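Each ligand, and each atom within it, is numbered from 1 in the order the structure gives. Keep in mind that what you see is a predicted model, and the values were worked out from it rather than measured.
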Amino acid sequence: MRIALAGNPNSGKTTLFNALTGSHQFVGNWPGVTVEKKEGQYKKDTSITITDLPGIYSLSPYTLEEVVSRKYLLNEKPEVIINIIDGVNLERNLYLTTQLLDLGIPVVVAVNRMDVVRNKGDVIDRSGLEKALGAPVVEISALKKENLDGLMEMAKKVHGTAAENHVYYDEHLEDAAKSIYDIAPSVGALDAKRFYALKLIEGDQKLELNLSADQEKQIAAVISELEEYYEDDGEGIMTEMRYNAIAGIVEGNYKQGKRGMSTSD
Ligand code: GDP
Ligand code: K
Ligand code: MG
């Protein structure tokens, strides 16, 4: 089984990767770029390969790290994604999560830094978060090596299952995505069809979809209509949709303790 670790910079990816692989790791570079590539075997089951992707905030095509991560996710297709998120910065970290869920690959969300979350007296409604995302959520501390067995058990459990995603936006946007599948059935047939449709709406120029000029024109018309309706450009629409959805998810599932800001790590 091939697992990719994806998450924001500083979310604890390397700490988790090292804890899971121990000395069973290989460090090189991603093809053609000087971004470090780390791959290793799960030390308790060497049939599982784990790839530590570069830290990213979004699956955009702008930074080198984003390009490398999304090429790997779209073209090499890991069988499971472990999305490590910083439990202390849930809102910011979930922005990437919403995009990973669009890829059609089973995702396990690992909420990291639980030692700090608990110290602050904060509480995450784990099962509420699972329901909101449509993906299993496992609370861990990569630093203290807490619940890493539980995380890997969950990764094995979702392996080979259909990817779920409960983060849907409003009907105008969802209808626009469906129109895009109708215009370009080749996009609709892809596992990552939702990813591609929403990125087309975002105005992403690096999707390599080989659409005909006519399809491009029809899709542009769908997007124009959406932009007129929301009085914003596609990128702005998608960003706001994602932030609004995440704000609701965090509001409903993260309770701040009375201890407020305490020690960091
Ligand atoms: P990366 O940028 O995602 O690879 O993050 P790192 O693994 O380098 O971790 C960033 C910092 O967070 C380091 O100082 C880690 O020791 C710390 N860290 C990682 N996981 C945890 C955790 O579960 N709890 C605490 N308190 N600190 C952590
Ligand atoms: K780091
Ligand atoms: Mg790292």
Side-chain angles (χ1 to χ4, degrees), residues 2-31 33-44 49-60 62-73 76 78 80-100 107-124 126 129 136-155 250 254 256-257 259-265:
R2 292 182 306 120
I3 298 179
L5 280 189
N8 287 10
N10 225 33
S11 57
K13 268 184 317 85
T14 299
T15 308
L16 177 61
F17 177 79
N18 289 340
L20 294 175
T21 60
S23 56
H24 302 266
Q25 52 173 272
F26 169 82
V27 182
N29 275 337
W30 292 90
V33 291
T34 54
V35 175
E36 190 180 77
K37 177 174 190 178
K38 278 192 173 178
E39 225 159 47
Q41 291 166 328
Y42 179 36
K43 62 184 180 187
K44 296 187 179 177
T49 302
I50 304 172
T51 304
D52 184 18
L53 295 177
I56 48 173
Y57 295 103
S58 168
L59 287 180
S60 309
Y62 302 126
T63 69
L64 208 53
E65 286 77 11
E66 287 168 346
V67 171
V68 165
S69 289
R70 80 177 204 165
K71 254 196 195 151
Y72 184 83
L73 292 168
E76 310 287 320
V80 173
I81 297 170
I82 292 180
N83 171 212
I84 180 167
I85 64 176
D86 178 358
V88 183
N89 288 295
L90 217 52
E91 194 144 350
R92 187 179 63 194
N93 281 243
L94 284 172
Y95 192 73
L96 175 65
T97 307
T98 62
Q99 297 174 58
L100 294 171
V107 174
V108 178
V109 176
V111 182
N112 191 36
R113 280 206 180 82
M114 281 306 296
D115 52 311
V116 182
V117 172
R118 275 196 305 267
N119 269 336
K120 290 172 67 185
D122 294 357
V123 177
I124 293 168
R126 196 191 56 78
L129 198 54
V137 172
V138 180
E139 296 177 330
I140 65 166
S141 168
L143 186 70
K144 315 248 175 202
K145 297 189 167 62
E146 273 177 25
N147 205 19
L148 304 189
D149 289 350
L151 172 63
M152 292 304 286
E153 281 311 309
M154 190 54 82
V250 173
Y254 195 102
Q256 233 166 337
R259 266 170 270 176
M261 296 295 286
S262 78
T263 56
S264 58
D265 35 322

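- Listed by number with element, the atoms of ligand 1 under 4.0 Å from a non-hydrogen atom of Ser141 are 22 (C), 23 (O), 24 (N).
- Distance CG/Asn147 to CE/Met114: 9.5 Å, rounded to 0.5 Å.
- Every residue meeting the side-chain contact (heavy atoms from CB on, under 4.5 Å) condition with Gln41, not counting sequence neighbours, appears here in chain and number order: His24, Thr46.
- Annotation: the span from Asp52 atom CG to Asn18 atom CG amounts to 8.0 Å, rounded to 0.5 Å.
- Judged as a side chain to side chain donor-acceptor pair (under 3.5 Å), and not counting sequence neighbours, Glu36 has no contacts.
- For ligand 1, the polar-atom distance check finds an N/O of Leu143 within less than 3.5 Å of one of the ligand's N/O atoms.
- If you look at Val116 next to ligand 1, the close heavy atoms, those under 4.0 Å, all belong to the side chain.
- With a 4.5 Å cut-off on side-chain heavy atoms, Val137 and Met154 do not count as touching.
- Evaluated by nearest non-hydrogen atom to atom 23 (O) of ligand 1, the leading choice among Leu53, Asn119, Asn112, Leu5 is Asn112.
- More than 12 non-hydrogen atoms from other residues, nucleotides or ligands lie less than 6.0 angstrom from NZ of Lys43.
- At under 3.5 Å, a nitrogen or oxygen of Lys13, whether backbone or side chain, sits near a nitrogen or oxygen of ligand 1.
- Counting the atoms of ligand 1 from 1 in the order shown, those under 4.0 Å from a heavy atom of Gly12 are 1 (P), 3 (O), 5 (O), 6 (P), 7 (O), 9 (O), 19 (C).
- The distance criterion of under 3.5 Å between nitrogen or oxygen atoms is not met by Pro9 with respect to ligand 1.
- Taking both residues in full, the closest heavy atoms of Asp122 and Gly257 are given as OD1-N, 2.7 Å, listed atom of the first, atom of the second, then distance.
- Ion pair Glu146/Arg118 flagged as a salt bridge, since at least one NZ, NE, NH1 or NH2 atom sits closer than 4.0 Å to an Asp/Glu carboxylate oxygen.
- Ligand 1 lies out of reach of Gly7, whose nearest heavy atom is not under 4.0 Å from it.
- The Mg ion (ligand 3) lies under 2.8 Å from an N, O or S atom belonging to Thr14.
- Less than 4.0 angstrom separates some heavy atom of Asn8 from each of these atoms of ligand 1: 3 (O).
- The closest non-hydrogen atom to atom 18 (N) of ligand 1, taken over Arg113, Glu146, Lys38, comes from Arg113.
- With ligand atoms numbered from 1 in the order given, ligand 1 contributes 6 (P), 7 (O), 9 (O), 15 (C), 19 (C) to contacts under 4.0 Å with heavy atoms of Thr15.
- Under 4.0 Å from ligand 1, the heavy atoms of Asp115 that appear belong solely to its side chain.
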